[in-house]
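Remarks on the structure that follows.
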Amino acid sequence: MDALTALRLTSIVAWFIVAVALGGSAYRAVTGKTYAYDNFRACFFFVALLMLGFNGRWLVAPNDRSIWVALYALSVLVAFFILRVARAHGRGGDGR
Amino acid sequence: MADSSIMPQGLGIVGATGAWGAFVTLLAIFVRQWVPLRRIRVDAEQKFRDDLAERVTSLESKLEKKDADHMAEMAIMRHRLNNVTACLDALLLLIEQDPAKASEAAEKIRRMRAGQLTAEATERGAVSAAKIERSAE
């Protein structure tokens with residue numbers, strides 16, 4: 001294992017922890033029973049998924065274009081979701 | 001970097017499926033949270049406007065009080081100035097009329113000033129009482 005792979009694995013572990021920690025918020029966002037700032041945390045959850053995807057694809061399937069396509073599509077949607085959530089909280093709000 | 005040839009080929013499909021699954025999930029959140037997020041924005045803007053209006057009302061009230069205090073202070077100062085001017089004019093007139101009775105004139109003016117000081121103190125006390133009464137409301 002070279003240094004780059006080790007760093008990549010460290011990154012995966014770190015973002016995996018983030019994803020696990022924030023997965024509940026994403027679940028509540030899907031079900032509609034959100035607590036305060038669940039949508040914010042859902043944003044970070046999907047960013048964590050993107051990081052896991054982009055890091056992980058180098059390890060498990062570096063030549064597979066189908067993962068790239070899916071991850072790029074997901075990144076576009078995440079960007080728009082972040083904009084939507086940020087706009088909703090532009091004047092404060094309790095985050096529900 | 002890990003060699004892809006030693007990895008199971010199916011992992012690419014699994015990864016892509018997972019990514020598309022996340023995409024669909026986020027799309028569902030997008031649709032599900034569309035109205036709640038809009039409500040958060042509308043409510044926050046409404047609260048922001050209400051808070052501003054409340055602050056403006058409070059500031060107007062404070063400004064009116066300060067204006068009243070200022071006018072009262074100005075009235076007291078104007079009265080004091082008028083009193084002192086009147087005393088000085090009277091003293092000068094008395095001395096001009098009879099310079100030999102200057103000390104008698106001074107005594108008259110001193111009595112006149114004592115009455116004025118009492119009136120000024122009463123006026124200042126009334127203004128202070130009004131301020132205390134208003135701040136207690």
Side-chain angles (χ1 to χ4, degrees), chain A residues 1-2 4-5 8-9 19 25-34 36-39 42-43 45-46 48-50 52-54 56-78 80-82 84-96, chain B residues 1-67 134-135 137:
Chain A
M1 182 189 296
D2 60 15
L4 191 60
T5 305
R8 195 167 278 141
L9 281 171
S25 293
Y27 174 74
R28 286 191 292 274
V30 175
T31 59
K33 295 174 182 175
T34 52
Y37 300 107
D38 267 344
N39 286 312
C43 288
F45 170 78
F46 282 100
L49 286 190
L50 280 177
L52 285 173
F54 280 116
R57 65 164 293 282
W58 285 100
L59 295 176
V60 299
N63 299 317
D64 193 322
R65 288 169 62 90
S66 64
I67 298 182
W68 281 70
V69 173
L71 287 174
Y72 281 132
L74 179 62
S75 72
V76 171
L77 199 59
V78 169
F80 281 112
F81 186 59
I82 287 172
R84 176 76 181 155
V85 173
R87 183 164 182 257
H89 294 279
R91 294 280 189 201
D94 67 357
R96 284 180 192 281
Chain B
M1 184 171 64
D3 185 359
S4 62
S5 62
I6 63 170
M7 293 293 181
Q9 293 300 311
L11 280 180
I13 301 298
V14 171
T17 306
W20 281 115
F23 182 91
V24 171
T25 305
L26 183 54
L27 203 58
I29 291 175
F30 220 112
V31 173
R32 187 83 194 231
Q33 295 297 325
W34 188 266
V35 174
L37 284 172
R38 185 176 182 280
R39 194 177 61 238
I40 287 171
R41 180 167 58 84
V42 171
D43 289 352
E45 285 175 353
Q46 179 68 44
K47 186 176 180 302
F48 182 70
R49 279 195 297 273
D50 291 347
D51 288 349
L52 278 181
E54 194 177 323
R55 286 179 64 189
V56 168
T57 306
S58 169
L59 282 174
E60 282 175 346
S61 171
K62 283 181 185 170
L63 195 63
E64 283 171 8
K65 287 177 184 173
K66 280 196 178 294
D67 200 30
R134 197 176 54 216
S135 64
E137 286 173 358

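So you know, we letter chains A, B, ... as the sequences are listed, proteins then strands, and number each from 1. What you see is a predicted model; the values in this text were computed from it and never measured.
At a 4.5 Å heavy-atom cutoff, the contact between A:F46 and chain B is made by side-chain atoms alone. Residue contact with chain B, scored on non-hydrogen atoms closer than 4.5 Å, involves the backbone and the side chain of A:F80 alike. When heavy atoms are compared at a cutoff of 4.5 Å, A:L49 approaches chain B solely by way of its side chain, counted from C-beta outward. Contacts between A:S75 and chain B at a heavy-atom distance below 4.5 Å are absent for every atom of the residue. At a 4.5 Å heavy-atom cutoff, the contact between A:V78 and chain B is made by backbone and side-chain atoms alike.
Within residues 16-26 of chain B, the residues having any heavy atom less than 4.5 Å from a heavy atom of chain A are, in residue-number order, B:A16, B:A19, B:W20, B:A22, B:F23, B:T25, B:L26.
Other residues, nucleotides and ligands place more than 12 heavy atoms under 6.0 Å from the CZ atom of A:F54.
Every pair tested for salt bridge (Lys or Arg N to Asp or Glu O under 4.0 Å) that includes a residue from residues 52-67 of chain B fails, sequence neighbours excluded, so the list is empty.
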Check against side-chain contact (heavy atoms from CB on, under 4.5 Å), A:R84 and B:R38: CA-CA 9 Å; A:R84 176 76 181 155; B:R38 185 176 182 280; 3.6 Å; yes
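Annotation: maximal heavy-atom pairing with chain A below 4.5 Å, among B:L27, B:D43, B:V14, occurs at B:L27. Contact count versus chain B (heavy atoms, under 4.5 Å) is highest, among A:L74, A:L77, A:I67, for A:L77.
Partner of A:V85 under the side chain to side chain contact (heavy atoms under 4.5 Å, CB included) criterion, chosen from B:I40, B:L37, B:I29: B:L37.
In this structure, the separation between NZ on A:K33 and CZ on B:R32 is 8.5 Å, given to the nearest 0.5 Å.
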